[in-house]
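One structure below.
Order of listing sets the numbers, starting from 1, for every ligand and every atom in it. Nothing fancy with the numbering, it's 1 onward along the sequence.
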Amino acid sequence: MNILLLGGGGREHALAWKLAQSPSLRKLFAAPGNPGIAECAACVTLDASDHDAVIAFCRSEDIALVVIGPEAPLVDGLADSLRREDIAVFGPSRAAAQLEGSKAFTKALCDRAAIPTAAYLRCDREADALAALDDFDLPVVIKADGLAAGKGVIIAQTADEAQQAIANMFAGGFGAAGQEIVIEAFMQGEEASFFAITDGETVVPFGSAQDHKRVGDGDTGPNTGGMGAYSPAPVLTSELTRQVMERIIEPTVATMKAEGMPYSGVLYAGLMLTDQGPQLIEYNCRFGDPECQVLMLRYQGDLAALMLATAKRELADAAAPRFDDITALTVIMAANGYPNTPDKGGVISGLDRAADRGATVFHAGTARDGNHLVASGGRVLAVTATGGSVGEAQRLAYDGVDAIHFPTGFCRRDIGWREVAREAGLTA
Ligand code: AMP
Ligand code: GLY
């Protein structure tokens, strides 16, 4: 079959790399793609917000499946437009994508389905929000309701900080995303990402990972989209995975179906592993970036077939996803300045040397400039390797990083640190 993949980041390069290995694939198109994706797909120009143009492309290229990488086209209803035209699509409807598009929607769903999550209050008036602060202990979490590129969450240590965050959101600091806010109790614990694939009815686990959101070593500095990840996350033991499926994922899928908004695609749960068990921090309606990069290195099945079965509501008949029993670890190389304004245009070389050392290098924000590969975004490369332990995967990933020449970029040097320390403790 022919497949159209929408997106052009590191997540989409990993998806393209895996889709290209699928026996059921004939031709892979990507829009817009990037120079890495161009090695395994035909990159085309298509505006994902122009639904008619996407449909027309699918007709002219005989596309049997559209895979939507990022959240924005999902929240914008592209999957609905494609389904109306009988074009199979991997990704949820606009109604189901509210699980990522609106934090208040997700919190209300947790109430209805008794899903463990932090206590919260939803406010659409500044005065109400300020008055409600007294009901929460410190630290307290203030969130803009809508999509804010991962930046609409403030963990306030003092009442002053909380008041400022509320004032800033209602003053438009996060645009329309902050017209409504959610105040949440702070959850203590270790974070992990959990993935499940569902066609609206059948739901299967699709691996775990841990991300590193802060820009600096030791989890310091501002939040980013993610500076590195590894999979699996050993903190999510098989017992905790069972709890996550039973208490969080399955009730979510069942409730969405019962309420006429069946969720189809990948459901990405951000979890806090608390003393009381796993609690939901948030949902995303897409793969994580860079979590997708490490999942794809471990996934052993035919991704195109799995995604098509999901799109056609035939997941019950598909083979259960299988993962290699190894650790995959990825290090993001970012452009200087990220997560603020990144330096663009810096020349990158040495990707072949990294590959010779066994690393798989996914492109996130790169462009071609004549004969040169240059940085064109904040997160530029995801240098990925596998090993028998997190420590080994980490060493091999940094061997890859050290083979790359990118003088206007930087990376964290400690991806996987929590698990490496635990492994050292076990073997000492
Ligand atoms: P979110 O965009 O909802 O994933 O939030 C971004 C980050 O803020 C999460 O990855 C957590 O590190 C943190 N966070 C969000 N909500 C809470 C909470 N209720 N308690 C503790 N940390 C939180
Ligand atoms: N790595 C975090 C995310 O994709 O949202």
State whether a side-chain donor-acceptor pair under 3.5 Å links D414 with H212.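 D414 vs H212: no donor-acceptor pair found between side chains.
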
Applying a 4.0 Å heavy-atom criterion (strictly less than), which segment of [X] is in contact with ligand 1: side chain, backbone, both, or neither?
X	value
M187	both
Q188	neither
I155	side chain

Expected output: side-chain S102 to main-chain F105 donor-acceptor under 3.5 Å: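 Confirmed, S102 side chain pairs with F105 backbone.
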
Let me know which of V141, I142, N223 forms a side-chain contact (heavy atoms from CB on, under 4.5 Å) with I155.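 Per the side-chain contact (heavy atoms from CB on, under 4.5 Å) rule, the option paired with I155 is V141, out of V141, I142, N223.
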
Could you tell me the separation between the CD atom of Q243 and the CD atom of Q279, rounded to the nearest 0.5 Å?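 Answer for the CD-CD pair, Q243 versus Q279, is 11.0 Å.
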
If you count the non-hydrogen atoms of other residues, nucleotides and ligands that lie under 6.0 Å from CZ in R368, is the total more than 12? yes

Does a sphere of radius 6.0 Å around CZ in R214 hold more than 12 heavy atoms from other residues, nucleotides or ligands, not counting ones at 6.0 Å or beyond?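 Atom CZ in R214 is crowded, with more than 12 foreign heavy atoms closer than 6.0 Å.
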
Side chain to side chain donor-acceptor pair (under 3.5 Å) with Y268: of E291, E100, E71, E282, only one passes, and it is E291

Inspect the contact between [Y] and [X] and indicate whether a charged nitrogen and a carboxylate oxygen are less than 4.0 angstrom apart.
X	Y	value
R122	E180	yes
K107	E184	yes
R395	D402	no

Applying a strict 4.0 Å limit to heavy atoms, is A185 in contact with ligand 1? yes

Contacting atoms of ligand 1, where contact means under 4.0 angstrom from a heavy atom of [X]:
X	answer
M272	21 (C), 22 (N)
K213	10 (O)
F186	20 (N), 21 (C), 22 (N)

If we only count N/O pairs under 3.5 Å, is N223 in contact with ligand 1? no

As a test of reading the model: which N/O atoms of the protein lie under 3.5 Å from N/O atoms of ligand 2, and at what distance?
residue, atom, partner, partner atom, Å
ligand 2, 1 (N), D211, OD2, 2.8
ligand 2, 1 (N), G225, O, 2.9
ligand 2, 1 (N), D289, O, 2.9
ligand 2, 1 (N), E291, OE1, 2.8
ligand 2, 4 (O), R286, NH1, 3.0
ligand 2, 4 (O), D289, N, 2.9
ligand 2, 5 (O), R286, NH1, 3.4
ligand 2, 5 (O), R286, NH2, 2.9

Nearest option to atom 16 (N) of ligand 1, as decided by whichever heavy atom of E100, K143, K103 sits closest: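 Result: the heavy atom closest to atom 16 (N) of ligand 1 is in K143.
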
